[in-house]
Amino acid sequence: MTKKLLLIDGNSIAFKAFYALYQSLDRFTNSSGLHTSAIYGFNRMLDKVLEEEKPTDVLVAFDAGKVTFRTKMYSDYKGGRAKTPSELSEQFPFIKQLVNARGIKDYELPDYEADDIIGTLARQAERAGNYQVVIITGDRDLTQLTSAKTTVQVSKKGVTELEKYTPDYVEKKLGVKPSQIIEIKGLKGDNSDNYPGVEKVGDKTALKLVQQFGTIDNLYDHIDDVSGKKLKEHLINDQDQAKRARTLATINRDAPVTISLADLKYEGDDLDQLTDFYERMNFKSFLAKLAVDDDGDNQEQLAKINYQVLTKDNVALLKEFKDEVSFHLEMATENYHTSPILGFAIGHGDKWYATNDISLLTNPDAMTLLTSSTIAKNVFDAKRTYVGLYRESIELKNVDFDMLLVSYLLNTTNNSNDVGTVARLHGFQNIKTDEEVYGKGAKREIDAESPEFLTHIVHKAKAIDQLHNDMFADLDKHNQTKLYREIEIKIAFVLAKMEISGIKVNPETLEEMGSKFTERLSEIKQTIYQQAGEEFNIGSPKQLGVILFEKLRLPILKKTKTGYSTAVDVLEKLAPDAPIVQNVLDYRQISKLLSTYVDGLLKVIHQDDSKVHTRYLQTLTQTGRLSSVDPNLQNIPVRSDEGRLIRQAFVPSHPNWQIFSSDYSQIELRVLASITGDKNMQEAFKEGEDIHATTARRIFGLNSNDEVTPELRRQAKAVNFGIVYGISDFGLSKNTGITRKQAHQFIERYFEEYPGVKKYTEDIVEFARNHRFVETIAHRRRYLPDINSRNFNLRSFAERTAMNTPIQGSAADIIKIAMINMDEALKGMRTTMLLQVHDELIFEVPDEELETVKKLIPKVMDSAISLNVPLKVESHWGKTWYDAK
DNA sequence: ACCATCACG
DNA sequence: ACGTACGTGATGGTC
């Protein structure tokens with residue numbers, strides 16, 4: 001029987017795969033920060049070729065190193081090539097692991113390239129007689145191996161798209177026989193491999209000559225038949241180069257390979273190894289494919305989990321759970337404050353129950369379980385679950401494991417709010433995603449009456465149940481158990497209560513402001529139309545650009561990728577040139593206030609309590625901060641006088657109460673002073689100095705009695721901010737309007753005056769290079785896969801992130817600790833914590849508690865953590881949020 | 001679905 | 001030489 005030998009050029013396929021996915025480089029990283037794009041692409045190719053060719057024998061050949069018999073012959077061979085990007089070179093060991101897990105041998109041979117191994121084995125197979133050979137490569141030079149028994153498939157743009165070369169196809173496409181390819185290369189040389197052929201001979205001439213003479217040797221035997229005097233001269237002059245080039249281009253088909261055809265038998269994947277490998281790479285789709293193949297072809301089939309439909313007649317069975325239970329509450333939409341609740345699944349081990357009868361939640365047998373402080377609960381998204389149950393008058397207690405939260409702490413990047421996605425990421429495959437079950441976009445539909453619904457939510461609960469030990473173990477490996485138990489799981493409930501409390505918004509105030517804004521808007525609009533000489537949509541950057549830069553011929557200072565930039569900084573520079581510009585700026589500001597803050601807020605006020613109930617996203621930001629949605633209450637205007645008025649609509653929910661706000665002063669710079677250990681900066685804070693003024697004195701070399709002008713202070717402040725963001729002279733100059741050179745000098749002076757800060761910036765980047773992540777004070781972790789990138793932009797960004805994340809993230813740790821302590825400190829009082837805005841907490845306070853909280857709240861905040869510098873807290877209060885200033 | 005813009009720390 | 005300030009969310013316009 002004929003065998004089929006598949007020979008794969010490992011290096012060239014890896015390169016092709018890497019560059020095919022180069023645009024999506026950052027989408028392909030696993031949870032330990034390894035890039036996986038080439039590995040992924042390589043496997044796509046394997047899948048396709050193994051399926052299509054069904055080989056009996058397979059080998060993947062790799063280049064052994066830089067030195068080969070070719071470099072020994074010609075030292076510049078492949079010289080001047082850019083170094084392989086680290087994002088790719090780090091993947092090679094894993095490509096070999098992949099190849100082996102797929103039941104395929106890999107092979108390399110010192111002094112030889114992968115081509116030579118392939119050429120040699122292909123010849124052996126051809127001579128053995130009973131083989132068909134298929135070669136897979138990204139390098140067209142290998143087509144010289146094409147023969148009656150050997151086809152060469154060259155990957156095109158993507159890796160899975162292959163162009164098949166047979167001898168006929170070679171002749172049709174290239175105009176010569178396969179064996180003549182080296183003759184062509186001899187004449188024209190190879191730029192990418194860095195060896196010359198004959199001067200002035202390129203593709204066309206080389207082809208013509210080879211078609212005429214057949215081989216280089218024959219050409220030189222009949223050199224007088226060459227037409228063209230110059231060409232003949234060049235050929236004679238470069239004869240040695242041509243012969244050398246041909247030798248370099250010739251694949252060695254007698255390499256001393258130490259592996260034999262008999263070793264290449266292919267018997268399919270090593271399933272255990274491959275599953276493990278895919279898990280480590282976070283290859284969800286490949287894992288799913290394995291599971292499917294394993295399951296006998298049925299895509300829809302998951303391993304069955306036995307469960308009972310819970311009813312009022314059997315709900316007493318829940319009494320059997322004494323220590324631990326996994327629970328999933330299913331809702332229809334994202335917003336758990338308003339979403340219909342559709343059903344729940346509950347169980348542990350191999351006992352599972354599910355229902356769409358929500359009334360069973362309040363059945364004593366279920367409720368006791370959920371509110372018990374001795375039975376531990378495992379859930380996905382404790383805050384969501386708490387709020388959902390709270391709406392059913394159940395107070396969830398004793399949550400031990402929150403799978404969403406743990407997954408986020410382990411790796412902030414690949415996180416998702418979908419149980420199935422997270423479960424698969426952590427190795428539990430027997431589950432579908434919501435999208436797979438419910439559909440997405442307009443097609444999304446949940447039929448809570450269907451059996452599929454109950455099955456799906458049982459799978460979710462089971463995934464949580466199964467993963468909890470493993471994920472806790474991972475947490476421990478990261479040194480993050482304390483972060484989880486002392487901070488994150490606790491703050492989840494504090495946040496839940498804040499969200500439930502909500503903050504009262506006075507719709508009349510907003511409506512009044514809305515009519516004023518609308519009126520002003522139509523005035524400005526008319527003026528703009530007059531100044532433009534026509535009507536157009538001021539809100540359209542495209543139309544505005546045409547008016548400003550084409551009709552009025554204002555100078556184009558900046559472009560975006562789609563056209564002219566009309567952003568604020570540009571328009572501010574143009575304002576002196578044309579009166580229309582200031583009007584556009586005013587129009588923009590007011591329409592922003594109107595649409596986002598007046599109309600936007602009015603839309604989300606709950607009718608029953610006149611409050612807005614934001615949701616804090618606890619598992620989104622890369623630094624550990626919270627974010628706020630529906631509505632976002634962390635970006636209510638404050639910087640402009642007009643915008644600030646919006647805050648008048650935010651009021652206490654009881655008469656004679658106050659809005660009370662406390663904020664950390666300079667928390668990020670204090671964290672910086674503390675973690676860098678910089679003595680000069682620490683001293684400034686210990687002495688209670690104005691840090692920006694002190695910085696100004698230092699970097700501008702003022703005496704202690706010299707006055708720091710507002711301008712100098714402003715510049716110093718910008719430098720302080722820049723440092724926190726991971727400074728660069730370009731960034732600083734752009735932001736402050738000073739020259740890049742000046743910015744450079746400021747930074748140098750800064751580092752001289754704060755040497756601890758300088759050392760920190762160097763050390764943290766070094767740490768990131770070595771570990772591929774950085775950490776905050778509380779061991780919150782952020783992976784930086786691009787830190788060793790060859791791409792300047794990606795690498796620089798990762799470096800700035802390495803500097804910024806421990807600072808921003810540690811500040812986030814601190815305020816979270818303060819909030820947990822605050823929740824405790826306010827027990828027994830009526831004062832309620834309502835909002836968090838990164839370095840600021842907002843409360844509503846009854847008049848009679850005002851005096852108490854003036855001391856208590858700042859105390860709790862400034863004692864949240866002990867740094868090497870004091871924390872400073874400032875408080876303000878008033879009848880509305882606007883007045884708490 | 002993506003972009004530009006602008007609101008916040 | 002490269003071409004950046006860090007972290008977010010909501011909106012209207014445009015494709």
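In what follows, every heavy atom counts, from backbone to side chain, and hydrogens, waters and symmetry copies are set aside. Residue numbers start from 1 in every chain, and the chains themselves are labelled A, B, ... in the order their sequence lines are given, proteins ahead of strands.
- When each of C:dT11, C:dA5, B:dT5 is scored by its nearest atom to the side-chain atoms of A:Y725, the top-ranked nucleotide is C:dA5.
- Remark: C1' of B:dC6 and CG of A:L594 are 15 Å apart, rounded to the nearest angstrom.
- Among the heavy atoms of the strands lying under 4.0 Å from A:G722 is at least one base atom, whether or not backbone atoms are also near.
- Looking at the side chain of A:F792, the nearest of the listed nucleotides C:dC2, B:dT5, C:dG7 is C:dC2.
- Within 6.0 Å of the CD atom in A:Q607, the count of heavy atoms belonging to other residues, nucleotides or ligands does not exceed 12.
- The side chain to side chain donor-acceptor pair (under 3.5 Å) with A:S789 is formed by just one residue from the set A:E87, A:H35, A:R795; it is A:E87.
- Between the side chain of A:R740 and the base of C:dG3 there is at least one donor-acceptor pair of N/O atoms closer than 3.5 Å.
- Contact annotation: A:S565 reaches the phosphate of B:dT5 (side-chain N/O to OP1 or OP2, under 4.0 Å).
- With rounding to whole Å, A:I764 atom CD1 is found 16 Å from C:dC6 atom P.
- In this structure, A:L784 places its CG atom 13 Å from C1' of C:dC6, rounding to the nearest Å.
- No option in A:Q582, A:Q589, A:R588 other than A:Q582 meets the side chain to side chain donor-acceptor pair (under 3.5 Å) test with A:D586.
- Note on A:D839: only backbone sugar-phosphate atoms sit closer than 4.0 angstrom, heavy atoms only; bases stay farther off.
- You cannot call A:F797 stacked on the base of C:dT4; the centres under 5.5 Å and planes under 30° rule is not satisfied.
- Remark: P of C:dT14 and CZ of A:F536 are 12 Å apart, rounded to the nearest angstrom.
- Taking the side chain of A:Q543 as heavy atoms from C-beta on, and the options C:dT14, C:dT4, B:dA7, the nearest nucleotide is C:dT14.
- Distance check on atom P: C:dT4 versus B:dA4 gives 13 Å, rounded to whole Å.
- For A:K383 (side chain) and A:Q618 (main-chain N/O), no donor-acceptor pair under 3.5 Å exists by modelled atom type.
- Atom NE2 of A:H876 has more than 12 neighbouring heavy atoms from other residues, nucleotides or ligands inside a 6.0 Å radius.
- Nucleic acid contact class of A:A718 (heavy atoms, under 4.0 Å, all strands): base.
- Close to C:dC6, at under 4.0 Å from its OP1 or OP2, lies a side-chain N or O of A:R800.
- Side-chain atoms of A:Y408 come within 3.5 Å of backbone N or O of A:T621 as a donor-acceptor pair.
- When the P atom of B:dA4 is taken as reference, atom OH of A:Y587 falls 20 Å away, rounded to whole Å.
- Across C:dG13, C:dG7, C:dC2, the shortest atom-to-atom separation from the side chain of A:R782 is found for C:dG7.
- No contact: A:S591 has no heavy atom under 4.0 Å from any strand.
- For the P atom pair drawn from C:dA5 and B:dT5, the interatomic distance equals 14 Å after rounding to whole Å.
- Between the CG atom of A:L593 and the P atom of B:dT5 there is a distance of 18 Å, given to the nearest Å.
- For A:V837, taking side-chain heavy atoms from C-beta onward, the closest of the listed nucleotides B:dC3, C:dA5, B:dG9 is B:dG9.
- Using a 4.0 Å heavy-atom criterion, one finds that A:E668 contacts no nucleic acid atom at all.
- Using the six-membered ring where Trp is involved, A:F721 and A:H692 have ring planes that are parallel, under 30° apart on the 30 and 60° scheme.
- Under 3.5 Å, the side chains of A:T421 and A:D418 contain a donor-acceptor pair of N or O atoms.
- The side chain of A:S595 lies closest to C:dG12, out of C:dC15, B:dA7, C:dG12.
- Distance NZ (A:K592) to P (B:dT5): 12 Å, rounded to an integer number of Å.
- Taking a pair as Watson-Crick or G-U with both hydrogen-bonding distances under 3.5 Å, the stems of three or more pairs touching DNA chain C are B:1-9 with C:6-14.
- Taken to the nearest 0.5 Å, the CD1 atom of A:I814 stands 11.0 Å off from the CG atom of A:D839.
- Proximity note for A:T596 (side chain, C-beta onward) versus C:dT14, C:dC6, C:dT11: the nearest is C:dT11.
- Put simply, the side chain of A:Q480 gets close to the backbone of A:L409: a donor and an acceptor are under 3.5 Å apart.
- Dashed line: the shortest gap from a side-chain N or O of A:N537 to OP1 or OP2 of C:dG13 is under 4.0 Å.
- Within 6.0 Å of the CD atom in A:E519, the count of heavy atoms belonging to other residues, nucleotides or ligands does not exceed 12.
- At C:dA5, one or more side-chain N or O atoms of A:K734 fall inside 4.0 Å of OP1 or OP2 (strictly under the cut-off).
- With hydrogens and angles ignored, the 3.5 Å screen pairs a side-chain donor or acceptor of A:R647 with a backbone N or O of A:I636.
- In this entry the distance linking CD1 of A:I590 with C1' of B:dA7 reads 15 Å, nearest Å.
- Regarding contacts with the backbone of B:dC2, every side-chain N or O of A:K561 stays at 4.0 angstrom or more from both OP1 and OP2.
- A heavy atom lying under 4.0 Å from DNA chain B marks the following residues of residues 614-644 of chain A, by number: A:R625, A:Q634, A:N635, A:I636, A:P637, A:V638, A:R639.
- Proximity note for A:I727 (side chain, C-beta onward) versus C:dA5, B:dG9, C:dT4: the nearest is C:dA5.
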